Amino acid sequence: MPGCFKKTLFALASLISFASFVLIVVAMGTPKWMTGKILCKTGADLVNATDPELVKFIGEIYYGLFRGGKIRQCGLGGRRSKFTIFPHMVKKLNTGLHVVIIMFLCVAILFSLVSFGFCILNTIKVPYRAIKGPAGVCLWNFLAGGFIALAVTSFMAAVKLHHLTERIANFRENVFQFVILEEQFEYCFWLCVASATAHAVNLLLIAISGINFPKTKTKTEEANVTAEDIMY
């Protein structure tokens with residue numbers, strides 16, 4: 001049976017692994033990875049809008065891995081619309097990269113659950129095989145955190161290098177052209193970053209569990225038996 005200290009660390013690691021699983025699932029299902037402001041360039045050029053008038057042509061956009069929405073401002077008031085990435089819009093995006101991001105996160109979910117199970121196993125007993133012990137827990141946490149980091153990096157590449165926000169903003173826009181004024185990563189993106197950080201914390205906890213702390217020994221006083229004590 002593992003000691004009390006190791007039980008506590010592995011129990012904490014199991015909670016962190018499960019929390020990471022929840023964070024990834026929430027992040028994938030919520031359309032708040034990116035938000036931005038979009039300028040209706042065509043409408044602004046038609047009326048030669050100056051700085052004070054440009055407010056009438058600045059809309060908003062938000063999106064996640066599967067869906068999103070935008071507010072078009074082309075001088076006639078805001079018009080709200082929602083869209084889904086699959087199956088139509090993905091053809092206008094970098095399909096391979098977008099699918100890879102989702103696959104990375106799905107694999108990370110799997111490894112997070114495996115890490116959760118292995119942490120529970122190490123909390124209950126000391127496994128016979130090393131792969132089921134701390135070494136295995138470290139492996140699954142490393143893989144889960146690594147795949148999340150790859151997904152986050154790939155999403156940043158899609159936004160910055162492949163102009164993901166601009167492509168989504170101009171999807172099925174035959175008359176108006178939209179330009180991205182500003183964009184920022186939202187809380188779902190940072191949930192994935194927090195999930196990767198959680199697995200790094202787990203690696204630290206497992207490393208601490210392998211440290212053998214010196215045990216304090218209590219010195220027992222030896223009784224001095226004399227000849228007089230034996231007589232009495």
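Bear in mind that the values here come from a model prediction, so they are computed numbers and not experimental data.
- Shortest non-hydrogen contact noted between A169 and I180 is CB-CD1, 4.2 Å.
- To the nearest 0.5 angstrom, N122 atom CG is 11.5 Å from L9 atom CG.
- When R167, R172, E166 are each tested for a side chain to side chain contact (heavy atoms under 4.5 Å, CB included) with N170, only one passes: E166.
- Separating the NZ atom in K6 from the OG1 atom in T123 is a distance of 12.0 Å, to the nearest 0.5 Å.
- Taking CD1 from I102 and CZ from F66, the interatomic distance works out to 4.0 Å, rounded to the nearest 0.5 Å.
- A pairwise comparison of heavy atoms in I71 and G78 identifies CG2-CA, 4.1 Å as the closest pair.
- Residues S195 and I148 come closest through the heavy atom pair OG-CD1, 3.1 Å.
- Looking only at side-chain heavy atoms (C-beta outward), T35 and F185 stay at 4.5 Å or farther from each other.
- Of the inter-residue distances, the one linking E173 atom CD with C40 atom SG reads 8.0 Å to the nearest 0.5 angstrom.
- Distance check: L105 CG to L110 CG gives 12.5 Å after rounding to the nearest 0.5 Å.
- The main-chain N or O of A13 is found under 3.5 Å from a side-chain atom of N202 such that the two form a donor-acceptor pair.
- For R67 (side chain) and G29 (main-chain N/O), a donor-acceptor pair under 3.5 Å exists by modelled atom type.
- Across H162 and N94, no two heavy atoms sit closer than the pair CE1-ND2, 3.1 Å.
- Between F104 and F147, the ring-plane angle classifies as tilted under the 30° and 60° cut-offs.
- Residues V159 and L181 do not share a hydrophobic cluster, clusters being chains of Ile/Leu/Val/Met/Phe/Trp/Tyr side chains in contact below 4.5 Å.
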Worksheet item: Between F171 and L93, is a side chain to side chain contact (heavy atoms under 4.5 Å, CB included) present by the stated rule, with each step listed?
Response: CA-CA 9 Å; F171 177 69; L93 312 179; over 6 Å; no
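- Put simply, V55 and F176 are part of two different groups of oily side chains (I, L, V, M, F, W, Y) that touch within less than 4.5 Å, one to the next.
- Residues L15 and L204 fall into different hydrophobic clusters, defined by Ile, Leu, Val, Met, Phe, Trp and Tyr side chains chained together at heavy-atom separations under 4.5 Å.
- In this structure the side chain of V107 never reaches within 4.5 angstrom of the side chain of L143, judged on heavy atoms.
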Worksheet item: Are T8 and L12 close enough, and set up right, to give a side chain to side chain contact (heavy atoms under 4.5 Å, CB included), and what steps lead you there?
Response: CA-CA 6 Å; T8 304; L12 181 59; 5.6 Å; no
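- Counting heavy atoms from C-beta on, the side chains of F178 and K41 never come closer than 4.5 Å.
- Pairing each heavy atom of T84 with each of M89, the nearest pair is O-CB, 3.6 Å.
- Annotation: the span from K160 atom NZ to T165 atom OG1 amounts to 7.5 Å, rounded to 0.5 Å.
- At a threshold of 4.5 Å between side-chain heavy atoms, the hydrophobic network of Ile, Leu, Val, Met, Phe, Trp and Tyr places L54 and I38 in two separate groups.
- A side-chain donor-acceptor contact under 3.5 Å links Q184 and E186.
- Contact check for F86 versus H98: side-chain heavy atoms found under the 4.5 Å cut-off.
- I120 and F18 fall within the same hydrophobic cluster, defined by Ile, Leu, Val, Met, Phe, Trp and Tyr side-chain heavy atoms under 4.5 Å apart, directly or through other members.
- Within the 3.5 Å criterion, the main-chain N or O of A198 finds no donor-acceptor partner in the side chain of S20.
- For H199 and S112, the side-chain atoms include at least one donor-acceptor pair closer than 3.5 Å.
- Here the options are I101, I109, L191, the test is side chain to side chain contact (heavy atoms under 4.5 Å, CB included), and the partner is M28; only I109 passes.
- The side-chain heavy atoms of F10 and L205, taken from C-beta on, include no pair separated by under 4.5 Å.
- Aromatic ring pairs are classed by plane angle as parallel below 30°, tilted from 30° to 60° and perpendicular above 60°; the pair F118 and W140 is perpendicular.
- Residues L23 and C192 fail the side-chain proximity criterion, which asks for heavy atoms closer than 4.5 Å.
- In terms of heavy atoms, F83 sits closest to K70 at CE2-N, 4.2 Å.
- Considering only heavy atoms from C-beta on, Y63 comes within 4.5 Å of L164 through its side chain.
- Judged by the 6.0 Å distance and 45° axis criteria, K32 is positioned over the aromatic ring of Y62.
- Side chains of S17 and F111 form no contact here, defined as non-hydrogen atoms less than 4.5 Å apart.
- Between F189 and W33, the ring-plane angle classifies as perpendicular under the 30° and 60° cut-offs.
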